[in-house]
Amino acid sequence: MYQEPQYEIFSDLDSHNKDGELINNQKAIEILKDKFGFEPQILFDALLKADGNFNLKTKLNRGSGMARWGDVGEHIALQLIPKGVLYNCDSGQPTLVITDSNIQIIIMSGNDAVGNIDSPISSNCPKGVETKNKIDSNIYRNSNSEKLETWILYYPSRKHGLYGADDPNLICELARPTSYQVIKSGKIFPTNHDCRLGCV
């Protein structure tokens, strides 16, 4: 089911969300290649294909946002699986696992802070228990080095300002959350990313 953006509803969330450094440009590309084993173009190719499919849908399709998320994940996975990245959906949440670096990546649309160093990043909509569990693996990783390090690939929602341009310059971020904010429904927003890699 399609979820309307909800980050802005929780107006006090930013007071609980303080991020570390946003690394951009060549340094981010080098870290991406060294730590994750791929280049930003893989992300942009997936986003372009997903947006192409999204543009074919009408406002009558209330699942268009969820379909776009599925398309982004599918096209990234199709490009990374031949490079040795594992695709895991055992918990019900699609996850890309880079075994050489002991990293797992989950994919979600981000709030308006994607690409903006002056705002704390988080998801566009609240997330469930599987995202919470994966962030917990970062919180408690020092006590158990066998736990996978969790990173979130944030791509811009279609309400992001960049989509106001005729030819938008695509952006994505890989960020490592260290906590989360629980909201009344029991769902969470990822918070306090100690590292953000900007892909522009």
Side-chain angles (χ1 to χ4, degrees), residues 3 6-7 13-14 16-23 28-40 42-43 46-47 69-70 72-77 79-81 83-111 113-115 119-157 171-183 185-199:
Q3 281 187 302
Q6 298 175 51
Y7 182 89
L13 183 59
D14 282 353
H16 302 279
N17 194 5
K18 306 296 180 189
D19 287 337
E21 181 182 9
L22 173 60
I23 302 171
I29 293 172
E30 290 172 4
I31 294 172
L32 197 62
K33 285 167 37 178
D34 182 56
K35 189 176 180 74
F36 297 90
F38 59 88
E39 298 189 18
I42 282 179
L43 309 180
L47 194 53
W69 167 76
V72 170
E74 175 189 19
H75 292 302
I76 291 173
Q79 293 178 85
L80 292 184
I81 288 171
K83 297 178 180 291
V85 174
L86 303 178
Y87 178 83
N88 185 348
C89 200
D90 292 345
S91 65
Q93 182 180 57
T95 307
L96 299 169
V97 180
I98 305 169
T99 53
D100 290 347
S101 301
N102 209 30
I103 286 173
Q104 60 184 347
I105 300 172
I106 49 180
I107 300 170
M108 60 187 71
S109 64
N111 62 357
V114 177
S119 298
I121 201 167
S122 189
S123 57
N124 195 36
C125 298
K127 300 302 171 187
V129 66
E130 288 306 325
T131 299
K132 175 187 176 296
N133 290 343
K134 289 179 174 67
I135 296 174
D136 279 340
S137 75
N138 283 352
I139 297 171
Y140 302 112
R141 193 165 185 268
N142 288 339
S143 62
N144 183 356
S145 60
E146 293 182 3
K147 287 184 179 290
L148 290 168
E149 181 179 308
T150 299
W151 288 72
I152 299 175
L153 172 63
Y154 291 107
Y155 62 89
S157 79
I171 54 176
C172 295
E173 284 193 36
L174 269 163
R176 184 173 54 199
T178 61
S179 63
Y180 44 80
Q181 182 69 23
V182 180
I183 60 174
S185 66
K187 293 193 173 185
I188 62 110
F189 281 100
T191 56
N192 300 319
H193 302 76
D194 61 356
C195 183
R196 293 169 59 183
L197 299 175
C199 305

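When every heavy atom of Arg196 is checked against every heavy atom of Ala175, the shortest pair comes out as CG-CB, 3.8 Å. Minimum heavy-atom separation, Ile106 to Pro94: CG2-O, 4.0 Å. Minimum heavy-atom separation, Cys172 to Leu47: SG-CD2, 4.2 Å. Taking both residues in full, the closest heavy atoms of Met108 and Pro190 are given as SD-CG, 4.3 Å, listed atom of the first, atom of the second, then distance. Of all non-hydrogen atoms in Ile135 and Ile188, the two that sit nearest each other are CD1-CD1, 4.1 Å. The two residues Lys127 and Lys187 make their nearest non-hydrogen contact at O-CB, 3.1 Å.
The CD1 atom of Ile23 sits 11.0 Å away from atom CG of Leu32, with the distance rounded to the nearest 0.5 Å. For the atom pair OH of Tyr155 and CG of Asn124, the computed distance is 8.5 Å after rounding to the nearest 0.5 Å. Distance CG/Leu174 to SG/Cys199: 5.5 Å, rounded to 0.5 Å. In this structure, CD1 in Ile107 is found 14.0 Å from OG in Ser123, a value given to the nearest 0.5 Å. Taken to the nearest 0.5 Å, the OG1 atom of Thr178 stands 7.0 Å off from the CD1 atom of Ile139. Of the inter-residue distances, the one linking Ile103 atom CD1 with Thr95 atom OG1 reads 13.5 Å to the nearest 0.5 angstrom.
Contact of the Val72 side chain with the Ser109 side chain is not registered, since no non-hydrogen atoms from C-beta on lie closer than 4.5 Å. No side-chain heavy atom of Lys132 sits less than 4.5 Å from a side-chain heavy atom of Val182. Side-chain contact between Ser137 and Gln104 is present, with heavy atoms from C-beta onward closer than 4.5 Å. Taking 4.5 Å as the limit, some side-chain heavy atom of Trp151 sits within range of a side-chain heavy atom of Leu197.
Residues meeting the side-chain contact (heavy atoms from CB on, under 4.5 Å) test with Gln79, sequence neighbours left out: Ile42, Asp45, Ala46. The ring pair (Phe, Tyr, Trp, His ring centres under 6.0 Å) test applied to Tyr154 returns His193, not counting sequence neighbours. Annotation: side-chain hydrogen bond (donor to acceptor under 3.5 Å, both in side chains) contacts of Thr131 (sequence neighbours excluded): Gln93. The side-chain hydrogen bond (donor to acceptor under 3.5 Å, both in side chains) test applied to Asp194 returns Arg176, not counting sequence neighbours. Evaluation of the salt bridge (charged side-chain N to carboxylate O under 4.0 Å, His left out) rule for Glu30 yields no partner, not counting sequence neighbours. Residues satisfying the side-chain contact (heavy atoms from CB on, under 4.5 Å) test with Ile81, not counting sequence neighbours, are Ala77, Tyr87.
In this structure, Thr191 contributes its side chain and Ser179 its backbone to a donor-acceptor pair below 3.5 Å. Checking side-chain atoms of Glu173 against main-chain N and O of Gly115 turns up a donor-acceptor pair under 3.5 Å.
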May I have the step-by-step check of side-chain contact (heavy atoms from CB on, under 4.5 Å) for Leu96 and Leu153, ending in yes or no?
CA-CA 10 Å; Leu96 299 169; Leu153 172 63; over 6 Å; no
Evaluation steps, side-chain contact (heavy atoms from CB on, under 4.5 Å), between Ile105 and Ile76:
CA-CA 11 Å; Ile105 300 172; Ile76 291 173; over 6 Å; no
Any chance you could lay out the side-chain contact (heavy atoms from CB on, under 4.5 Å) test for Ser91 and Lys134, step after step, and finish with the verdict?
CA-CA 11 Å; Ser91 65; Lys134 289 179 174 67; 3.4 Å; yes
